[in-house]
Amino acid sequence: MYGYLTQIFQDALAAIGAEDAHLVFESPKVESHGDAATNVAMTLSKKLGKPPRTIAESIIAALNYDTTLVYAVEIAGPGFINIRLSARYFTNGLQGLLDEGAAYGANTSGAGKRANVEYVSANPTGPLHPGHARNTMLGDCIANLYRWSGYGVTREYYFNNAGNQMNNLARSIHARYRQLLGEKDYPFDEENGYKGAYIFTIAEELVKSAGDSLKEPTDENLSVCRKKGEEWCFASILNTLARLNVKHDVFFNEHSLYADGKITETVGLLRDKGLVYEQDGATYIRTSELGLEKDRVIIKSTGEPTYRLPDMAYHAIKCQRGDDIIVDIFGSDHAEVSKEVVAGVKALGYDTTKIHIILHQMVRFVKDGAEYKLSKRNGEQYTLDDLMDDVGVDVVRYFYSMRSADTQLVFDINLAQEQSDKNPVFYLQYAHARCANLFAKAQEKGVTIETYTSLDLLIHPAETALIKTLLKFPLVVQRATQNLEPHTIADYLRDVAAALHVFYHECRILDAEPLLMNARFALTRATQTVLKNGLAILGVNAPDKM
RNA sequence: GCGCCCGUAGCUCAGUUGGAUAGAGCAACAGCCUUCUAAGCUGUGGGUCACAGGUUCAAGUCCUGUCGGGCGUGCCA
């Protein structure tokens, strides 16, 4: 939107010998401040040793612009330069929007580059619960943003089907299996075991397929339980993700790191750097020498690595792949670990500046005004599937995408369940459906709109306000990508919907004069396009009817 | 104790990388449907931006401290 302005201002700045100035435009909150404003004169004050307003005057004097696009340029306040654009500037932009259509909002800043986004990465020890959705949505939307910025994107899922957690799963299943065979008092590890009802489901399937042949808790039988559990849980997770319309390109099994010797290799490399020592039978990494709080165990005295070590080996592999950007999504409980992993990978000599770690705060659930616990004492648990059943996929996707990652978000189950105007996602979808409905109505009446010819007629305040909002979309996408903040898309789309509703309310479309009707349909199509494209980034449907 | 994240309207949250008069939704109140979808629009009330200092032309935003919350501080992940 500020492309032309940037160009003419850069020329003017060069003319006064300040070509390296930091030039930024913003859209003023107050209408009397014009359509675009820059504080560049104030930022130059110190460097040039002149008062801001004087600098602003010389910039304006050096400014050459097309008067059919720029209506007025003036100095205001302490030294702001306010620019008022002419209607033509906006209608040109609107025409560009219509020409780009489904691609409007995309940019090519990532052309030829590759981004790897790792998210979800839940181990196959149970169904996904609503807390997992935050990680999932952040990752999925960020991956979408990279795609809109022209990157080649790989969506990756890292999982571990070995180790302690899986052993617990196997023992839990086996205990439930024995209980189902009639031994009601067969001991279940209440402290470490998985208490969910799904464990009974898995055990029941084992009873059906294997009878009582797995009765003894031998390594062999437990391994059958583990395998069955893994398959069941993974199927459950993939099914949930499919409902959410989340699809990964790569599933990376932690176990492969052992098979390929990457674990031993990584320890060896760290040892060569003098970063490894033994104590009390365990192997430590000197993270305290890498700027962190203390040293950490990477191999337990039992000989098993802790989660840090495979994570380091995994990230080393990710760094070797040649992606330009590597994104990891973690809950804030992984904050310390992620620092350790990055420090370790950096110590191995990799460029860790391309690793971006998104830490998100936890989600609290509220129902009927009180804290809602996802897992009950009796082993029953509220899953992400349950949540989708209760509120719908679009609501889930939107609610988890609408907040910044660093807020401790409160998920109000009642509000999400509300199929009414209280629910913010419907506000956006309704706006899109309204646009679609206008075209449907036009078709009914036999009105055909093939080309848009008279955009200059769009001069109603509600129309220009809407156009201005629509033209910000590419900038919003760019910023959201750069900052890895998908929630700004959700915020922006609310503005678009609000502007559309005002336009719809104040301007008749179908019964306007033919030329004006044509122009208003152009604006309607443009709005529909932005809503659809924006919702696509969030992965939320844009229905034609509601 | 220490580290990280946070504290903005009654509630849930934005806040354009330090800009002009701090915004939105919900909740409350008052209006608008014989007219393209009222899941909409318009208006009103609601704030010591946790608190105290500091940095500068300018601070919700940056720095320091205090208070309050979350998460870490495992040879769990």
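In the text below, chain A, chain B and the rest are named by the order of the sequence lines, each starting its count at 1.
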Closest listed nucleotide, where the reference is the side chain of [X] and the choices are [options]:
X: R508(A); options: rU35(B), rG72(B), rC76(B); answer: rU35(B)
X: K339(A); options: rG3(B), rA20(B), rA77(B); answer: rG3(B)
X: S27(A); options: rG74(B), rU16(B), rC76(B); answer: rU16(B)
X: Q361(A); options: rC5(B), rG40(B), rA77(B); answer: rC5(B)
X: R434(A); options: rG19(B), rA38(B), rC76(B); answer: rA38(B)
X: K441(A); options: rC36(B), rA20(B), rA77(B); answer: rC36(B)
X: S332(A); options: rA38(B), rC71(B), rU16(B); answer: rC71(B)

Would you indicate what [X] reaches in the nucleic acid, counting non-hydrogen atoms under 4.0 angstrom: base, sugar-phosphate, or nothing?
X: E278(A); result: nothing
X: A335(A); result: nothing
X: D412(A); result: nothing
X: A37(A); result: base
X: C435(A); result: nothing
X: D544(A); result: base
X: F25(A); result: nothing
X: K29(A); result: base
X: A433(A); result: base

Send over the distance from [X] [atom1] to [N] [atom2], rounded to a whole Å.
X: H334(A); N: rC5(B); atom1: NE2; atom2: P; answer: 18 Å
X: I489(A); N: rU16(B); atom1: CD1; atom2: P; answer: 15 Å
X: H432(A); N: rG40(B); atom1: NE2; atom2: C1'; answer: 17 Å
X: H505(A); N: rA39(B); atom1: NE2; atom2: P; answer: 13 Å
X: H22(A); N: rU16(B); atom1: NE2; atom2: C1'; answer: 12 Å
X: K50(A); N: rC57(B); atom1: NZ; atom2: C1'; answer: 18 Å
X: E293(A); N: rG74(B); atom1: CD; atom2: C1'; answer: 13 Å

Pi stacking test for H33(A) and rA20(B): under 5.5 Å apart, planes under 30° | yes
Has Y430(A) got its ring stacked on the base of rG40(B), with centres under 5.5 Å and planes less than 30° apart?
-> no
Complementary nucleotide of [N], counting Watson-Crick and G-U pairs under 3.5 Å:
N: rG3(B); answer: rC71(B)
N: rA58(B); answer: none
N: rC33(B); answer: none
N: rU64(B); answer: rA52(B)
N: rA39(B); answer: none
N: rC26(B); answer: rG10(B)

Anti/syn call for rC33(B), syn if |chi| within 90° | syn
Distances under 3.5 Å between protein N/O atoms and the N/O atoms of nucleotides 6-14 of chain B, please, pair by pair.
residue : atom : partner : partner atom : Å
rC6(B)  : OP1  : D406(A) : OD2          : 3.1
rU12(B) : O2'  : R403(A) : NH2          : 3.4
rC13(B) : OP1  : Q408(A) : O            : 3.1
rC13(B) : OP1  : V410(A) : N            : 2.8
rC13(B) : O2'  : R403(A) : NH1          : 2.3
rA14(B) : OP1  : S404(A) : N            : 2.9
rA14(B) : O2'  : D491(A) : OD2          : 2.6

Side-chain donor-acceptor pair under 3.5 Å between D295(A) and S288(A), yes or no?
-> yes
Ring-ring centroid check [X] [Y], cutoff 6.0 Å:
X: Y427(A); Y: Y398(A); answer: no
X: F159(A); Y: F252(A); answer: no
X: Y2(A); Y: F25(A); answer: yes

Kindly confirm or rule out a cation-pi arrangement of R364(A) over F411(A), judged by NZ or CZ under 6.0 Å from the six-membered ring centre and within 45° of its axis?
-> no
Find out whether the Lys NZ or Arg CZ of R434(A) is both under 6.0 angstrom from the six-membered ring centre of Y504(A) and within 45° of the ring's axis.
-> yes
With a 4.0 Å cut-off, would you call K468(A) and D35(A) a salt bridge?
-> yes
Is K318(A) salt-bridged to E156(A), cutoff N-O under 4.0 Å?
-> no
Has the side chain of [X] got a donor or acceptor atom sitting under 3.5 Å from an opposite partner on the base of [N]?
X: N82(A); N: rA20(B); value: yes
X: N39(A); N: rG19(B); value: yes
X: S301(A); N: rC75(B); value: yes

Counting only side-chain N and O atoms of Y427(A), is one of them less than 4.0 Å from OP1 or OP2 of rC41(B)?
-> yes
Please answer whether the main-chain N or O of D311(A) pairs with a side-chain N or O of H315(A) as donor and acceptor at a distance below 3.5 Å.
-> yes
Does NZ in K50(A) sit with more than 12 non-hydrogen atoms of other residues, nucleotides or ligands closer than 6.0 Å?
-> no
